[in-house]
Amino acid sequence: MHHKAVRYVTRTTAAAASTLATTATSVAAAALAASIILSPAADASARLDGVHADLARAVQLNQVTAEQAARFEARLAGRILGDA
């Protein structure tokens, strides 16, 4: 095969591989975004359980006082339950 032909085949093959990789990455990103958007939202009780656990850990680490955590949890509970 002629040297120019080999170089052409090599370049076009590399370009095609690059395009294919970009397309595969785009498809994977779109699939991930769709799974996040279409996944069911956590119900209110599960969200409140998570908030409670996070705040209990913050109190344990002395990041907030127990009173601050209780007030914040009550405020969030009002918002979460208001949305439900």
Side-chain angles (χ1 to χ4, degrees):
M1 197 185 275
H2 195 276
H3 182 65
K4 285 186 178 182
V6 170
R7 191 168 42 188
Y8 174 77
V9 170
T10 303
R11 284 184 185 169
T12 56
T13 303
S18 175
T19 302
L20 184 60
T22 302
T23 302
T25 302
S26 297
V27 169
L32 176 62
S35 70
I36 291 170
I37 291 169
L38 299 175
S39 64
D43 65 329
S45 65
R47 292 175 68 191
L48 287 175
D49 289 344
V51 167
H52 181 76
D54 289 345
L55 288 172
R57 180 79 174 141
V59 169
Q60 189 178 40
L61 295 173
N62 294 323
Q63 294 173 332
V64 296
T65 65
E67 295 80 19
Q68 290 171 324
R71 285 194 311 265
F72 188 65
E73 185 174 355
R75 190 176 333 147
L76 283 179
R79 289 182 183 176
I80 291 171
L81 295 175
D83 291 344

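Just so we're clear, the structure is a prediction, and the values are computed from it rather than from any experiment. Side chains included, hydrogens not; waters and symmetry mates left out as well; all remaining heavy atoms used.
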Practice task
Applying side-chain contact (heavy atoms from CB on, under 4.5 Å), name anything that partners Ser45, two or more places apart in sequence or on another chain.
Solution key: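 With sequence neighbours excluded, Ser45 shows a side-chain contact (heavy atoms from CB on, under 4.5 Å) to Asp43, given in chain and number order.
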
Practice task
For side-chain contact (heavy atoms from CB on, under 4.5 Å), just list the numbers for Val64 and Val59, CA-CA rounded to whole Å, side-chain angles, deciding distance to a tenth of an Å, and then say yes or no.
Solution key: CA-CA 5 Å; Val64 296; Val59 169; 3.9 Å; yes

For residues 51-58, please give each side-chain donor-acceptor pair under 3.5 Å, one per line with the distance, not counting sequence neighbours.
from, atom 1, to, atom 2, distance (Å)
His52, ND1, Glu73, OE1, 3.2
His52, ND1, Glu73, OE2, 3.1
Arg57, NH1, Gln60, OE1, 3.1

Fill in the blank from the handout: In terms of heavy-atom contacts, Leu48 and Ala77 come closest through CD2-CA, 3.6 Å

